[in-house]
Number of protein chains: 2
Amino acid sequence: MIAYDKQSRIMLAVDCIIFGFDGNALKLLIIERGMLPEKGKWSLMGGFVQGDENPNEAASRVLNHLTGLKDIYMEQFQVFGEPRRDPTERTVSIAYYALIDINKYQHQLSTDYKAAWVELNQLPMLIFDHNEMVTAARQQLRYKAALHPILFELLPERFTIPQIAALFEQVYQVELDRPNFMRKLRLTDLLIKQPDKDKEGSKRGAHYYMLNQDVYRKKFSSFVHFVTQL
Amino acid sequence: MIAYDKQSRIMLAVDCIIFGFDGNALKLLIIERGMLPEKGKWSLMGGFVQGDENPNEAASRVLNHLTGLKDIYMEQFQVFGEPRRDPTERTVSIAYYALIDINKYQHQLSTDYKAAWVELNQLPMLIFDHNEMVTAARQQLRYKAALHPILFELLPERFTIPQIAALFEQVYQVELDRPNFMRKLRLTDLLIKQPDKDKEGSKRGAHYYMLNQDVYRKKFSSFVHFVTQL
DNA sequence: TCAAAAGTGTTTACTCTACACCCATGA
DNA sequence: TCATGGGTGTAGAGTAAACACTTTTGA
């Protein structure tokens with residue numbers, strides 16, 4: 001077997017921008033590194049692509065390692081490969097964004113890092129080009145969520161319409177007309193109304209809904225157009 | 001300086017899916033390899049990411065080397081990284097699609113390969129996972145072009161409305177209602193009508209148009225919604 | 001009984017679609 | 001003068017935006 005002799009090999013990493021929503025604000029799961037290099041600094045969760053796995057598997061592994069979760073919604077969105085982005089050694093990183101239900105997140109036990117949920121607009125300085133990655137991920141999330149119902153991945157199993165509206169308002173930094181937004185949602189057939197109500201947010205209470213998984217899977221790839229004017 | 005000692009380095013490549021449009025059919029620029037491995041077989045144009053360049057630069061370089069063109073519209077769209085996709089040695093490839101004006105293409109002189117324009121639906125077997133890359137690129141092109149006016153990159157400087165319509169019909173494999181399509185185009189303010197006509201396609205002749213570059217640049221990133229029903 | 005948020009209904013403007021029809025011209 | 005594709009006009013359906021109004025319930 002021939003090999004590509006003269007070419008240089010490169011470190012290949014994955015980094016994950018992990019979004020969560022606590023009902024009020026969009027949050028990011030970041031880590032404080034417990035090991036060199038850059039010990040003590042904030043960073044995205046990442047890892048190296050191993051010899052026997054493809055990059056998607058690497059990202060799933062990394063996500064699982066941090067959150068304890070499997071089958072997380074995850075999308076590869078951009079490669080970051082400036083020659084000097086990592087001063088230790090040239091490393092090209094494939095960036096993924098992931099959407100998780102913040103309530104399902106379980107603290108993990110590794111001492112390699114401390115994990116923390118941080119509000120997206122109070123993000124600290126991260127190492128390398130990670131802040132740039134976050135900006136790009138947010139952009140990509142907006143793009144995708146305007147057309148596909150992916151934001152439901154951020155909500156718990158049972159949720160209310162005011163919660164979804166708040167989520168969209170956070171993602172797009174706009175105020176939505178609640179009546180019209182509600183009607184739009186109803187017309188998608190994605191929601192199943194539950195008999196009981198959430199009384200947290202108001203006196204009257206808002207009905208709980210669950211996702212209609214069948215419709216959800218079907219509409220996932222087709223355009224849905226949740227947000228019209230961007 | 002520390003290095004990531006225990007991690008394995010990987011070959012990193014870029015591959016380009018190069019689209020062109022000859023007025024009738026969508027075409028792809030592929031090469032017949034003149035060197036090992038896989039000598040004599042059809043392949044996408046690609047190359048390795050060098051130590052001092054980022055992947056986008058590598059793709060531009062590769063595109064320029066094959067076509068003689070600079071400032072080609074190009075988008076990174078997916079990483080292909082199955083461990084055994086290249087039997088020679090593990091290689092992860094960043095795939096780009098590019099849109100070029102087929103008339104501007106100049107044959108290059110390298111003897112490393114022979115280049116050929118092939119109709120997209122008569123594509124031969126390509127090496128490795130390149131056919132899969134083409135499928136994904138086509139999908140991505142559809143997605144992007146439904147919302148952004150990128151397909152103009154495939155047209156010559158002066159073009160007619162029937163030409164654009166034919167292009168959209170090729171990309172989406174549909175028949176468009178010409179009157180409505182024309183009106184939609186006019187409403188974008190993207191086109192500047194030329195005084196003369198193209199008499200090739202019909203007796204009456206179709207007016208030439210040129211892109212309004214200012215409007216084009218402005219509308220590039222905002223949603224435009226060229227194709228409604230997908 | 002009032003305030004506050006959930007939820008419904010209605011009006012109006014706009015956009016999309018289908019398709020009838022006119023235009024220009026070479027054969 | 002007629003066939004052919006280029007191009008315009010128009011009516012009806014469908015969608016989006018604005019906002020008035022009703023419902024529920026704890027304080």
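Naming: A, B, ... by sequence-line order, numbering from 1 per chain.
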Checklist entry - Side chains of Asn180(B) and Arg183(B): is there a donor and an acceptor less than 3.5 Å apart? => result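 Asn180(B) vs Arg183(B): donor-acceptor pair found between side chains.
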Next on the checklist: Quiz question: by atom type and distance under 3.5 Å, do the side chains of Asp15(A) and Ser93(A) form a donor-acceptor pair?
Outcome noted: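 On atom types as modelled, these side chains qualify, holding a pair under 3.5 Å.
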Just the rounded figure in Å: distance from [atom2] of [N] to [atom1] of [X].
X: Ile164(B); N: dG6(D); atom1: CD1; atom2: C1'; result: 14 Å
X: Ile161(A); N: dG7(C); atom1: CD1; atom2: P; result: 6 Å
X: Leu191(A); N: dG7(C); atom1: CG; atom2: C1'; result: 14 Å
X: Gln163(B); N: dG5(D); atom1: CD; atom2: C1'; result: 14 Å
X: Asn180(A); N: dC14(C); atom1: CG; atom2: P; result: 16 Å
X: Asp177(A); N: dA18(D); atom1: CG; atom2: P; result: 7 Å
X: Leu185(B); N: dT15(C); atom1: CG; atom2: P; result: 16 Å
X: Phe159(A); N: dA6(C); atom1: CZ; atom2: C1'; result: 16 Å

Item to check | Any Arg186(A) side-chain N or O less than 4.0 Å from OP1/OP2 of dT8(C) | outcome: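 So the side chain of Arg186(A) is within the cut-off, an N or O lying under 4.0 Å from OP1 or OP2 of dT8(C).
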Checklist entry - Does Lys104(B) come within less than 4.0 Å of Glu157(B), counting only side-chain N to carboxylate O? => result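 Not counted as a salt bridge, because no side-chain N and carboxylate O are separated by less than 4.0 Å.
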Checklist entry - Who passes side-chain hydrogen bond (donor to acceptor under 3.5 Å, both in side chains) against Arg85(A), sequence neighbours left out? => result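 Only Asp129(A) meet the side-chain hydrogen bond (donor to acceptor under 3.5 Å, both in side chains) criterion with Arg85(A).
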Item to check | Ring-ring centroid check Tyr143(A) His148(B), cutoff 6.0 Å | outcome: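 Close enough - the centres of the two rings lie under 6.0 Å apart.
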Checklist entry - From Asn103(A) CG over to Leu154(A) CG, what is the distance, rounded to the nearest 0.5 angstrom? => result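 One gets 11.0 Å once the value is rounded to the nearest 0.5 Å.
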Next on the checklist: Please give me every residue in residues 196-207 of chain A whose heavy atoms get under 4.0 Å of an atom in DNA chain D, ordered by residue number.
Outcome noted: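 Contacts with DNA chain D under 4.0 Å: Lys199(A), Lys203(A), Arg204(A).
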